Amino acid sequence: MSNVSTSNNHDNLHIFKGLNSQQIKAVEATGGPLLIIAGAGSGKTRVLTHRVANIIHQGTEPYRILALTFTNKAAQELKERISNIVGYELSRDVWAGTFHSIFARILRIEGNKLGYNPGFSIYDTDDQTSTIKTLLNQLKLTPQEYPPNQIRSIISKAKNAMVDYESYADEAKSHFEKTVAIIYREYEKYLLSANAMDFDDLLINMIRLFELDKETLEKYRNKFRYIMIDEYQDTNRAQYKVIKLMAAAHNNICVVGDDAQSIYKWRGADIRNILEFQKDYPSARIIKLEQNYRSSGNILKAADSVIDKNKNQLKKELWTENPEGEKITIINCDDDRQEALKIADLISQKSESGIKYKEIAILYRTNAQSLPLENALRRENIPYVIVGGISFYKRKEIKDVMAYLRMLINPQDDQSLLRAVNEPPRGIGKTSLGHFQEYARKQNISLLDTFERAEEVLPVVGRAKKSARRLWQTVTDYRKLMEVENPASVVKDYINAVGILEMYKEIGTDEALDKFNNIQEIITDITTFFTQNTQADLNDYIQQISLASDIDNSDLSGNSVSLMTLHSAKGLEFPHVFISGLEQGLFPSGRSEGDISELEEERRLFYVGITRAMNNLTVTYCSRRMKFGEIQRQAVSVFLKEIDHSVTRWIGGQPPLQNSKKTSLSGTPVSTGSNILGSWRSRVTQSTPKKKSQYDQTVEESYSQLHDSLRTGDRVLHSKFGEGKLIEISGIGDQQKVVVKFDDHGKKNMIAKFAKLQKL
DNA sequence: GACCTGCTGATTTTT
DNA sequence: TCAGCAGGTC
């Protein structure tokens, strides 16, 4: 054997090390279409990363590789792990990202061909809804008859299915649909003139671009020699189409997915994409990854027995060499409060036996379920992090600031102006705004332009005119500054100039001060962004924020229990998992009742939940639950009847199969129930006094995990306020707050997560 | 035009 | 239960 071959073998060792035979096959098969059916916990990401490494190793330039994921977090993980194999220098140039962020990046370069400026705004669902409200107003339609949210959803569905407003109008039958068609048309016109795209447009416009301009299509076909798509089962028709267009020249397309984990049908994901991959690419190879490395034998058996009830699925057999492990614990509770207390108590017990909080996750069907859980965890002094839910970036004050920023980049963005105009109040009320909007429409100019010519807009009162003109002046001044000066400092001055900070300071309530601090933190965030990305402009920052979700930012590295919806949990794993609320009407959701395909999707969601667990799984359900502020009786979920009873252990209730009657505590009156509740309660109360000192420890411990073992009294460094002394820590998880007395800036309240304090 | 109050409807999941 | 909004008052 020659030297070359020896050195190849050596490199190959690096790329193929630790992979099983199926995984090696997938990593080796770099050319041509490939479908990887990857069961839960079968090392999918591992295969993807090693496959990219192999392609690079074979001599392909990294920038010719496109890897599309569903979430930013998955993309980030992919990049990191590729970097671990091939090194940062090579991995940096791989195009790895979400569909939305990669397409936004391309559309910023090519969007002018479709009539967009590079500074286009990206509208989220809120922006979409308020746009529709504006349009209803213009069209003299009432939101009662045409609920903005419903209209938004109809339009979005149409777009995802690639039905434009003309086709929609052709198909429209009822008066309602015909009117929706008009709103749809006006909506599209409005967004284009506002130089804005909604999430769906980021996909649709890629198709438009490629169909309109063959040269551009050729350019990207040539550029991306290798295309890889993660979570292929969750792609929708539009995504499918873009990929198909891009891959058509070389056919080096590799998709990875698991039909059993398809949980986004409601959002337009089309399972046909994965089921019919072979039809689209007859030469496709199919490789199945069926060995599960994550879960214990019992957990896998439970998962398997559940998913088995679904009729529509690809055949695959997941197996594991892992030990059988413990049985799945199923606990019946009186109500949601007791459920939360029991979970918290079990977590305390786990913690006492040496299990770390960060090894534990609580999963639920709806975000609303987190509240009683949070209360119980706080009561037991257990640190926790909520993943998802209301994002920092979706808070009103942050969105207001973002609206101001978008005006700098995209002065055509009327929705941003409408959002920001009265934060703080400027005396430009509904009536005046109506006149401005009317004028803008007649003159075919942007709303901000009408503020410049406020004098010409006749029916508006003098005060409003002055105020409008002043706002226009501020925006224009800072737009000019932005062109020549450092974006971070311009942004800082600009936000101060518009007066939103001052407004919250003047209100002075706790709530207002929180908002004030949040805005301070976003300014810090911006400063950090520009320090780290010296080449970037404000547009880059805004785009990143527009496409960010809270899951991406959640830091699961601290020692806290993770709380999240089952949807958010996809792609994650935890040694110990709780799934709560296994009740009819909650999980499966009431909306899936009577619809087999929706019920199957709920069942896949349960499957996803079960397969997040590595060693230990606990499932809970309640006999009663607070709903709409009322106590309602709950029936046990059908899914619990489906779990293989040989791997389950039932506590406080009986397996529904053996007793199809109500499994409440065997007819026991309330007193027994409250007795049990009492016993749980007393455990908690008893432990409270003696835990007093432990409390501070726990909180400080959680804090220290997150922030380099900080304690009250420490000297700390903040990127903006400089040095100071940490005088108070309160709350836990994302909500954790710190009070720092800065040498030069006095006392500040901050959210720990964003303060990013450094110990000195 | 800003602020207050009382009513209503929401609870699936999110890039 | 509670947030968000419409409608009324100052």
Side-chain angles (χ1 to χ4, degrees), chain A residues 68-75 97-104 122-126 128-130 133 142-144 147-149 152-153 156 159-160 197-203 230-231 234-236 238-239 262-269 336 363-372 387-391 393-394 396 421-434 460-461 463-464 467 507 543-552 564-570 581 585-593 598 601-602 604-606 608-609 625-632:
Chain A
L68 296 170
T69 64
F70 210 64
T71 64
N72 289 306
K73 186 168 186 145
T98 63
F99 280 92
H100 295 272
S101 66
I102 297 276
F103 292 174
I122 297 172
Y123 278 10
D124 66 10
T125 22
D126 279 359
Q128 287 177 281
T129 308
S130 45
K133 280 184 193 160
T142 66
Q144 283 75 31
N149 251 318
R152 195 210 74 233
S153 157
S156 175
K159 283 188 172 185
N160 276 317
M197 298 190 199
D198 61 26
F199 285 137
D200 305 319
D201 286 331
L202 292 173
L203 311 177
D230 192 14
E231 308 279 15
D234 287 331
T235 51
N236 64 31
Q239 288 163 324
S262 155
I263 54 173
Y264 285 102
K265 202 184 113 192
W266 55 273
R267 217 172 80 186
D336 47 344
L363 312 180
Y364 37 76
R365 182 65 181 82
T366 65
N367 275 315
Q369 286 167 258
S370 75
L371 206 67
V387 181
I390 309 132
S391 158
Y393 301 113
K394 289 213 173 85
K396 181 191 173 335
V421 65
N422 278 315
E423 304 289 339
R426 287 194 170 82
I428 310 171
K430 246 190 207 157
T431 328
S432 301
L433 272 179
V460 174
V461 294
R463 191 164 67 117
S467 198
I507 299 172
Q543 186 179 303
Q544 184 203 285
I545 300 303
S546 307
L547 296 172
S549 78
D550 218 34
I551 298 162
D552 308 323
M564 68 191 92
T565 64
L566 287 140
H567 282 87
S568 300
K570 197 177 70 164
L586 184 61
F587 193 21
S589 149
R591 296 203 181 186
S592 63
E593 244 170 81
E598 281 193 39
E601 175 141 319
E602 293 285 310
R604 290 193 293 269
L605 189 57
F606 188 37
V608 167
R625 179 176 293 275
M626 273 289 237
K627 261 184 174 175
F628 303 114
E630 273 171 42
I631 295 167
Q632 299 201 345

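If you're wondering where the values come from, they're calculated on a predicted model, not measured in any experiment. Proteins get letters first, then strands, A, B, ... in listed order; numbering begins at 1 in each.
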### Query
Mind checking whether A:Ile122 and A:Asp201 have side chains closer than 4.5 Å, heavy atoms only?
no
### Task
Hey, which sits more toward the 5' end of DNA chain C by its nearest nucleotide, A:Leu371 or A:Lys133?
A:Leu371
### Query
Reckon A:Thr125 has a side-chain N or O less than 4.0 Å from the OP1 or OP2 of B:dT14?
no
### Query
What is the distance, rounded to the nearest whole Å, between atom CG of A:Asn236 and atom P of B:dT13?
20 Å
### Query
Atom CG of A:Asp230 and atom P of B:dT15: how far apart are they, to the nearest Å?
15 Å
### Query
How long is the line joining CG of A:Leu586 and P of B:dA10, in whole Å?
18 Å
### Query
Side-chain N or O of A:Asn367 less than 4.0 angstrom from OP1 or OP2 on B:dT13?
yes
### 5'-most by nearest nucleotide on DNA chain B - A:Gln128 or A:Ser592
A:Ser592
### Task
Ignoring hydrogens and angles, tell me if any N or O in the side chain of A:Asn422 forms a donor-acceptor pair with the backbone of A:Ile428 under 3.5 Å.
yes
### Message
Could you tell me how far C:dA6 sits from B:dT11 if I compare only their C1' atoms? Round to whole Å.
### Response
23 Å
### Task
Answer whether the closest heavy-atom distance between the side chains of A:Thr235 and A:Leu68 falls below 4.5 Å.
no
### Message
To the nearest 0.5 Å, what is the distance between CG on A:Leu605 and NZ on A:Lys265?
### Response
13.5 Å
Close N/O contacts between protein and nucleotides 1-9 of chain B (under 3.5 Å):
unit_1	atom_1	unit_2	atom_2	d
B:dG1	OP1	A:Gly429	N	2.9
B:dG1	OP1	A:Ser432	OG	2.8
B:dG1	OP2	A:Thr431	OG1	2.8
B:dA2	OP1	A:Gly427	N	3.2

### Task
Decide side-chain contact (heavy atoms from CB on, under 4.5 Å) for A:Thr125 and A:Arg152; before the verdict, give the C-alpha distance in whole Å, the side-chain angles of both, and the deciding distance to 0.1 Å.
CA-CA 8 Å; A:Thr125 22; A:Arg152 195 210 74 233; 3.4 Å; yes
### Non-hydrogen side-chain atoms of A:Ile631 and A:Arg625 separated by less than 4.5 Å
no
### Query
Does the ring of A:Phe70 lie flat against the base of B:dT15, closer than 5.5 Å centre to centre with planes under 30°?
no
### Message
OP1 or OP2 of B:dT13 versus the side-chain N and O atoms of A:Thr366: is any pair under 4.0 Å?
### Response
no
